[in-house]
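Structure record follows, encoded as structure tokens.
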Amino acid sequence: MRNLLATTALAALMAGPMVVAANHASAAGASVGVTNVTTIDNASATGYLASNLMGKTVYTSAAADAQAIGNVNDVVIGEDGSVRAVIVGAGGFIGIGEKEVAIDFKRLTMQKTGDGVRLVSALTKQELEVAPTYDGKSASASLGAQAGAGAAAVGSAISSTTKDLTDKATDLVNGKKPADRAAFLADKTKVAVGSISAEQMAGAKVYDRSWNEVGVVGETVAAADGRLDAAIVDVGGFLGLGAKPVAIGLDRLDVYQDTSGKLYVATPYTQQQLEAAIAYDASVYETKRDVMRLTPGG
């Protein structure tokens with residue numbers, strides 16, 4: 001379980017809660033080197049490698065006579081990508097009888113010493129004694145269950161996709177042509193966009209100007225007055241993975257409903273235009289709406 005949740009290089013994730021020293025020594029045991037990298041997005045990131053933390057001793061202070069709490073056995077990373085905790089083996093003798101505990105990453109600091117940078121936590125002996133023991137087996141079982149559920153979902157998606165491809169191949173063999181505008185509208189009625197709720201729009205299939213299915217409505221964005229302003233269409237991807245969200249103004253969409261009440265959305269854009277559009281980012285959409293939202297003439 002030493003490396004169950006650790007990743008080899010986590011530059012930048014650990015920079016936040018630590019006090020970073022301006023320089024670092026290379027002395028074995030005490031030094032934890034600061035790393036500078038350029039990420040795939042061409043951004044600069046400064047932090048620490050998780051591999052350099054593994055096995056490092058956690059002390060009660062930076063003083064020469066500080067007591068050792070234990071050694072870092074693992075690093076826990078949250079679903080949002082931030083470092084949440086370190087698993088420290090505390091107590092025992094040369095690894096025998098030690099108790100593994102999870103220490104909140106906010107309880108750790110990096111402090112400069114005479115021989116480098118030291119991991120420090122002001123935990124008391126009493127806190128360590130009453131802290132719950134980290135159970136690696138339970139964590140492994142939980143991850144295994146999640147992986148099993150994920151595999152089942154992927155298997156179901158593959159089965160559904162395989163059937164869809166098989167049906168399309170059968171249609172082609174039997175001389176059936178891909179759907180055109182007339183075929184698309186044969187069993188559908190156009191509905192006013194203003195009469196549709198956000199809940200109804202979610203999940204609707206989206207088609208390009210050639211009536212090819214190109215995505216699905218993932219969500220909608222409302223204007224200040226509460227009216228629906230844009231549909232966020234998940235374009236492309238495979239089996240639901242890798243799709244790019246694109247914001248399309250509702251004034252550029254035609255919505256249709258079939259006899260069962262299912263909705264379909266037609267856009268005036270080609271698949272290439274949708275794939276090349278700026279990706280929707282909810283965190284900056286309010287300030288960048290004019291450039292992020294596909295509109296008439298866009």
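Remember, predicted model here, so these are calculated numbers, not experimental data.
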Pair Asn71-Thr57, side-chain donor/acceptor within less than 3.5 Å = yes
Indicate whether any N or O donor in one side chain lies under 3.5 Å from an N or O acceptor in the other, for Tyr264 and Asp258.
-> yes
Contacts of type side chain to side chain contact (heavy atoms under 4.5 Å, CB included), residue Ala202, not counting sequence neighbours | none
Test salt bridge (charged side-chain N to carboxylate O under 4.0 Å, His left out) applied to Asp254 and Lys188, step by step | CA-CA 12 Å; Asp254 289 326; Lys188 301 176 183 67; over 6 Å; no
Validate the cation-pi geometry between Arg118 and Tyr59: distance from NZ or CZ to the six-membered ring centre under 6.0 Å, angle to the ring axis within 45°.
-> yes
For the residue pair Trp211 and Phe184, categorise the inter-ring angle as parallel (less than 30°), tilted (30 to 60°) or perpendicular (more than 60°).
-> tilted
Heavy-atom side-chain contact between Val255 and Ile196 under 4.5 Å = yes
What are the two closest non-hydrogen atoms of Ala62 and Gln111, and how far apart are they?
-> CB-OE1, 3.4 Å
Which of Val246, Val214, Thr270, Val235 passes side chain to side chain contact (heavy atoms under 4.5 Å, CB included) with Glu275? Answer is Val235
Just by distance, do the side chain of Ser61 and the backbone of Ala63 share a donor-acceptor pair under 3.5 Å?
-> yes
Could you tell me which non-hydrogen atom of Ala102 sits nearest to which non-hydrogen atom of Ile87, and how far apart they are?
-> CB-CD1, 3.7 Å
Are Tyr285 and Leu250 linked, directly or through other ILVMFWY residues, by side chains that come within less than 4.5 angstrom of each other?
-> no
Is Met110 reachable from Leu123 through a run of hydrophobic residues whose side-chain heavy atoms are each under 4.5 Å from the next?
-> yes
Decide yes or no for Val58 and Val120: does some side-chain heavy atom of the first lie under 4.5 Å from some side-chain heavy atom of the second?
-> no
Side chain proximity check, Val86 to Asp74, heavy atoms < 4.5 angstrom = no
Taking every non-hydrogen atom, the tightest pair across Ala243 and Asp234 = CB-CB, 3.9 Å
Do Lys99 side-chain atoms and Ala131 backbone N/O form a donor-acceptor pair below 3.5 Å?
-> yes
Verify side-chain contact (heavy atoms from CB on, under 4.5 Å) between Ile232 and Thr220, making sure each step is shown before the conclusion.
-> CA-CA 6 Å; Ile232 309 304; Thr220 55; over 6 Å; no
Exam field: side chain Thr60 to backbone Gln67, donor-acceptor pair closer than 3.5 Å = yes
Residue pair Val291 / Ile278: nearest heavy atoms and the distance that separates them = O-CD1, 3.3 Å
If we only count heavy atoms from C-beta on, is the Val83 to Val76 side-chain gap below 4.5 Å?
-> no
Ionic contact status for Asp229 with Arg289, cut-off 4.0 Å = yes
Under 4.5 Å between side-chain heavy atoms, hopping through other hydrophobics if needed: is there a path connecting Met292 to Leu294?
-> no
Same cluster or not: are Met54 and Val88 linked, directly or through other Ile, Leu, Val, Met, Phe, Trp or Tyr residues, by side-chain heavy atoms under 4.5 angstrom apart?
-> yes
For the residue pair Ser197 and Leu228, what are the closest heavy atoms and their distance?
-> C-CD1, 4.0 Å
Tyr269 six-ring face occupied by Arg252 cation (under 6.0 Å, within 45°) | yes
Would you say Ser121 and Arg107 make side-chain contact, with heavy atoms under 4.5 Å?
-> yes
Val101 and Thr133, any side-chain heavy atoms less than 4.5 Å apart = no
Closest non-hydrogen atom pair, Ser195 against Gln200 | O-OE1, 4.0 Å
Using distance alone, with no hydrogens and no angle criterion, decide if Asn73 and Glu100 have a side-chain donor and acceptor under 3.5 Å apart.
-> yes
Is there side-chain contact between Val233 and Leu274, with at least one heavy-atom pair below 4.5 Å?
-> no
With the side chain counted from C-beta on, respond yes when Val265 and Lys205 share a heavy-atom pair under 4.5 Å apart, and no when they do not.
-> no
Answer with yes or no whether the hydrophobic clustering places Val217 together with Tyr280; edges join I, L, V, M, F, W, Y residues whose side-chain heavy atoms lie under 4.5 Å apart.
-> no
